[in-house]
K.L.:
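So that we are looking at the same thing, I have put the structure below in C-alpha cells.
Keep in mind that the numbers below use all heavy atoms, side chains included, and drop hydrogens, waters and symmetry copies. Each chain gets a letter, A, B and so on, in the order its sequence line appears, and its residues count up from 1.
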Protein chains: 2
Amino acid sequence: MQPDAAPRPTLADVAARAGVSPSTASLAFSGSGPVSDATKERVLAAASELGYAGPDPRARSLRRGRSGIVGVVLEERVRAAFLDPVKIQMLDGISEGIAPLGAGLLLLTDTGEPGEHAVSIESAPVDAVVLIGCSPRLADSIEALRRRGIPAVAIEGETGEDIPEISIDNLQATRRGAEYLRQLGHTDVAIVTLPFDAARTRGPITEELLRSSTAATASQRLAGAREIFPEATGRVAGASSIEEGLEAARALLADPARRPTAVIAQSDLLAAGVIQAAEELGLQVPADLSVLGFDGIRVDGLQHDLTTLAQPSVAKGRAAGEAVVQMLSGEPPASRCFTSTLHVGDTTAAPRASAD
Amino acid sequence: MQPDAAPRPTLADVAARAGVSPSTASLAFSGSGPVSDATKERVLAAASELGYAGPDPRARSLRRGRSGIVGVVLEERVRAAFLDPVKIQMLDGISEGIAPLGAGLLLLTDTGEPGEHAVSIESAPVDAVVLIGCSPRLADSIEALRRRGIPAVAIEGETGEDIPEISIDNLQATRRGAEYLRQLGHTDVAIVTLPFDAARTRGPITEELLRSSTAATASQRLAGAREIFPEATGRVAGASSIEEGLEAARALLADPARRPTAVIAQSDLLAAGVIQAAEELGLQVPADLSVLGFDGIRVDGLQHDLTTLAQPSVAKGRAAGEAVVQMLSGEPPASRCFTSTLHVGDTTAAPRASAD
DNA sequence: CGTGCCGCTCGAATCGATTCGGCCTAGAAT
DNA sequence: ATTCTAGGCCGAATCGATTCGAGCGGCACG
C-alpha cells in the first residue's frame with residue numbers, strides 16, 4: 001500500500017548511513033568547515049548510494065536567509081516586455097551585473113492582481129529586486145518590499161522611496177534632439193509620446209493627461225522637447241511599438257494642411273511606425289518629414305538609419321545589477337544617471353520649404 | 001548597542017500580539033480554514049501594526065514543499081539566448097502555458113560550472129523545469145533533477161530519459177524545403193548548419209563531426225536536406241546569428257568556380273547572414289543565389305521576405321508550459337511534435353543557369 | 001609521563017510557517 | 001435540562017538543513 005511513497009532521502013538519512021551526525025554531514029556538503037577527508041568521502045559515498053541529490057534548496061534558503069534569486073519586475077506581461085528590445089538589453093545588463101552573485105533571475109510581472117498568483121512581487125523568495133520602468137501603481141508592492149527588508153533598485157521609475165534609481169537624462173537628451181531639429185530649420189514639430197498613465201490612454205496630448213501623468217519618462221521627454229518647441233503638440237501612443245507609432249502618426253499626418261515637418265517620437269519603435277505612416281501617405285523621409293527616435297536600438301524591418309537618442313541600455317541594466325550586489329553586501333548604493341547621445345542617421349534633414 | 005538589529009516580525013509575533021496561537025494566525029493569513037471573521041481581522045490588524053509583510057516565502061515553501069517557481073534552462077548565457085527571437089517566443093509561450101500555476105519563471109543558464117553558482121540547475125528552488133535546446137552535457141543536471149523528483153520538460157533536446165519532449169519535424173520540414181529547391185531546379189546546394197557540439201566548433205561539415213554530434217536539431221535538419229541532396233556539403237556555424245551566417249557563407253561563396261546555386265541555412269538568422277555575404281560579393285538574391293531559412297521569425301534589418309520553414313515557436317513554449325502544469329497535477333504528460341510549414345518568400349528562385 | 005593545544009565531530013537550537021488531531025464551548029435538538 | 005454537534009481555536013510535530021559552542025581524542029612539547 002505504498003502508491004508512490006518513495007520519500008526522498010534527507011541529509012539526516014545520509015548522515016545516519018554514513019555513521020556521522022547530521023551536522024557533520026552538512027559540513028561535508030556545503031561547508032568548507034573542518035571535516036576530515038575520510039569523513040567527507042564517506043558522507044559523499046553514502047549520499048550517492050542513497051541517491052541523495054544535495055541539500056534541499058528550500059530548507060537551505062530558510063536557514064541561510066538567502067535564496068540566491070534576484071527578482072526582475074516587468075510592468076507588462078512577459079510577452080509584451082520581450083517585444084521591447086530595450087527591455088531585453090537591460091535584462092541582459094542586469095544578468096551581467098549580478099553575475100558575481102551567481103544568482104538566478106526570477107521574472108515577475110506586475111499584473112496588479114495578487115489574488116491567484118502563488119508568486120507575486122510581494123511573496124517571492126527573492127534576495128533583491130530590480131524594478132524596470134515601475135509606475136506608482138507598484139507603490140503597495142514597494143511598501144511590502146521595504147517591510148520585508150528586500151533591497152530594490154529601480155530603472156527608470158519614480159518610486160518615491162529611498163530606492164536607488166538608474167536613469168538617463170531624458171529631458172536633456174530630448175532637448176538636444178529637438179535643438180538639432182531646430183538647427184535644421186524645423187519650426188513645426190509634432191510629438192508622439194509613450195503612455196502617460198497606467199491605463200495607456202491613447203489620443204491627443206492634453207494638459208489634463210499631462211497633469212495626471214504617472215510616467216516620468218514620457219513626461220520628461222516631452223518637457224525636453226517643449227523647451228525648444230514650447231507650442232509643440234502631438235499624440236500619445238498606447239505602448240512602445242511600431243503599430244502604435246503608425247496609428248498615432250496617421251492621425252498626425254492626416255491633414256496635409258496641418259502637417260508638421262518633423263516628428264519627435266519617444267521611442268525608436270514609435271519612430272519606425274511614424275516612418276511607415278509617412279510612406280503610406282507618399283511622404284519622403286527625411287525630405288518631406290524628419291523623424292527623431294529615442295533608444296538607439298536596431299528596429300526590425302526598418303530600412304533607415306534612424307536619427308535617435310541612443311541610450312546605454314545594457315549599461316543601465318548592469319548598473320542596476322551592480323547596485324543590487326552592493327546592497328546585498330551592505331554598502332549603500334548610489335543612484336546613477338546615464339547620458340544619451342544623439343545619433344544622426346538619415347531620417348532627419350532640413351525641411352523642404354524652410355518657413356523660417 | 002543595536003546596530004541595525006530590527007528583527008522582522010514573524011507570524012508568531014503577530015499571533016502573540018493578536019492574542020491567538022500561531023496556528024490560528026497562519027490560518028487567518030493563507031488558509032481559508034475555519035477562522036471567525038473577528039479573529040481574522042484582529043490578526044490582520046496586529047500584522048499591520050507590527051509591519052508584518054506576510055508569511056516568509058522561504059519558510060512557506062519549505063513547509064508546503066512547493067516554491068511556485070518554474071525554472072527555464074537556457075543553454076547559453078542569458079544575453080545570448082535573448083538575441084535569438086525563437087527563444088524569446090518560446091519563453092513567451094511557456095509563460096502563457098504555466099499561467100494557471102501563477103508561478104514565476106526562473107532563468108537558469110547551463111554554464112557547466114556549478115562551482116561558484118549559488119543557484120544552478122541542480123540547486124534551485126523550482127517546482128519544475130523546462131529545458132530549452134538541451135544537449136547531452138546537461139546529463140548530470142537531468143540526473144539530479146530526476147533524483148530530486150523535479151518534473152522536467154524538454155524543448156528540442158534529446159534527454160535520453162523519460163522526460164517528455166516538445167519538438168518539431170526537423171527532418172521532414174527540411175526535406176520539404178530541400179524538395180522545393182530541387183523542384184526549382186537546384187542541384188548544387190550548400191548547407192549552413194547550427195553547431196553540432198557543445199564546443200560550437202566552426203568549419204566545414206565533416207563526417208567525423210557528424211558522428212560525434214550532440215545536437216539533434218542540427219543533425220536532423222541536415223539529414224532532411226541530404227535526403228534530397230545526398231552529396232550536399234557546407235559549413236557549420238558557431239551559433240544562430242547573422243554574424244555566424246555571414247562568416248560561414250563567405251567561406252562557401254568565396255570561390256566563384258565552386259559556388260552553389262542555393263544555400264540551406266538551419267536558421268533564419270544564419271540565412272540573413274548568408275544573404276548579407278552574397279550581397280557583399282555582388283550576388284543577387286534570389287537570382288544568383290537562393291536562400292532557405294528555418295524558424296519563420298522576422299529578421300532585424302533583413303530586406304527580404306525570407307523563404308523559410310516556419311515553426312510554431314510560441315505554441316511549442318505553450319505546450320511545454322502545459323506539460324509542466326500536467327506533471328505538477330500528477331497526470332503523465334505526453335510528448336508533442338509540431339509541424340513546420342514552408343513559407344515561400346522572395347529569396348528563392350530557379351537557378352540562373354539551370355545546369356540540370 | 002603529564003599537560004596543553006588543536007582539529008574533528010556531535011547535540012541541540014533555530015529558521016518561520018503549516019497542518020492535523022484534539023479540545024472546548026456555544027447553540028440546537030430532544 | 002442534558003446531550004449532541006459543529007464551528008473555532010490551540011499544541012505540537014514537522015519541513016530539511018545550518019550553525020555554534022561544547023566535547024573529545026590525539027599529538028607534540030616540556
Side-chain angles (χ1 to χ4, degrees), chain A residues 5 7-43 46-47 50-68 118-119 122-125 127 147-150, chain B residues 5 7-43 46-47 50-68 118-119 122-125 127 147-150:
Chain A
R8 324 222 153 269
T10 71
L11 186 54
D13 298 333
V14 173
R17 170 143 194 155
V20 300
S21 75
S23 37
T24 303
S26 173
L27 293 207
F29 262 97
S30 53
S32 44
V35 181
S36 70
D37 290 342
T39 308
K40 179 181 287 191
E41 204 168 325
R42 203 145 38 91
V43 172
L50 260 44
Y52 179 70
D56 182 322
R58 288 179 285 257
R60 171 193 291 242
S61 74
L62 169 58
R63 184 65 239 243
R64 294 240 247 236
R66 283 214 179 169
S67 61
V119 172
E122 333 229 342
S123 72
D127 295 338
R147 280 208 296 252
R148 270 228 168 72
I150 297 178
Chain B
R8 323 221 154 268
T10 70
L11 187 55
D13 299 332
V14 173
R17 170 142 194 155
V20 300
S21 76
S23 37
T24 303
S26 173
L27 293 206
F29 263 98
S30 52
S32 45
V35 181
S36 70
D37 290 343
T39 308
K40 179 181 288 188
E41 204 169 325
R42 203 143 39 89
V43 172
L50 260 45
Y52 179 71
D56 183 322
R58 289 179 283 260
R60 170 193 292 243
S61 74
L62 169 59
R63 186 63 241 248
R64 294 240 247 237
R66 285 218 178 163
S67 61
V119 172
E122 334 228 342
S123 72
D127 294 338
R147 280 209 295 251
R148 271 228 168 70
I150 296 178

K.L.:
Using a heavy-atom cut-off of under 4.0 Å over every strand shown, decide if A/T24 touches base, sugar-phosphate, or nothing.
P.N.:
base

K.L.:
Send over the distance from B/L27 CG to C/dT19 P, rounded to a whole Å.
P.N.:
9 Å

K.L.:
Is there a side-chain contact between A/R60 and A/S30 in this structure, where contact means two heavy atoms from C-beta onward sitting under 4.5 Å apart?
P.N.:
yes

K.L.:
Return yes if some donor-acceptor pair links the side-chain N/O of B/T24 with the main-chain N/O of B/V20 below 3.5 Å, else return no.
P.N.:
no

K.L.:
Where does the chain B footprint on DNA chain D start and end, counting 5' to 3' with a 4.0 Å heavy-atom cut-off?
P.N.:
D/dG8 to D/dG16

K.L.:
Roughly how far, to the nearest 0.5 Å, is CG of B/D13 from CG of B/L50?
P.N.:
6.5 Å

K.L.:
Under 4.0 angstrom, heavy atoms only, what part of the nucleic acid is B/S30 near: base, sugar-phosphate, or nothing?
P.N.:
sugar-phosphate

K.L.:
Counting C-beta onward and ignoring hydrogens, is there a side-chain heavy-atom pair between B/P55 and B/R63 closer than 4.5 Å?
P.N.:
no

K.L.:
Have a look at A/P34 and say if it touches a base, only the backbone sugar-phosphate, or nothing, with a 4.0 Å heavy-atom cut-off.
P.N.:
base

K.L.:
Does any part of the side chain of A/L11, heavy atoms only, come nearer than 4.5 Å to the side chain of A/P22, both counted from C-beta?
P.N.:
no

K.L.:
Tell me: CZ of B/R64 to P of C/dC20, nearest whole Å?
P.N.:
12 Å

K.L.:
Set out, in order, the CA-CA distance, both residues' side-chain angles and the distance that settles side-chain hydrogen bond (donor to acceptor under 3.5 Å, both in side chains) for B/S26 and B/S23, then state yes or no.
P.N.:
CA-CA 5 Å; B/S26 173; B/S23 37; over 6 Å; no

K.L.:
Select base, sugar-phosphate, or nothing to describe what A/S36 touches, counting heavy atoms under 4.0 Å on all strands.
P.N.:
sugar-phosphate

K.L.:
Answer with base, sugar-phosphate or nothing: what part of the nucleic acid does A/T10 contact at a heavy-atom distance below 4.0 Å?
P.N.:
sugar-phosphate

K.L.:
Heavy-atom nearest nucleotide on DNA chain D for B/T39 versus B/A59: which residue maps closer to 5'?
P.N.:
B/T39

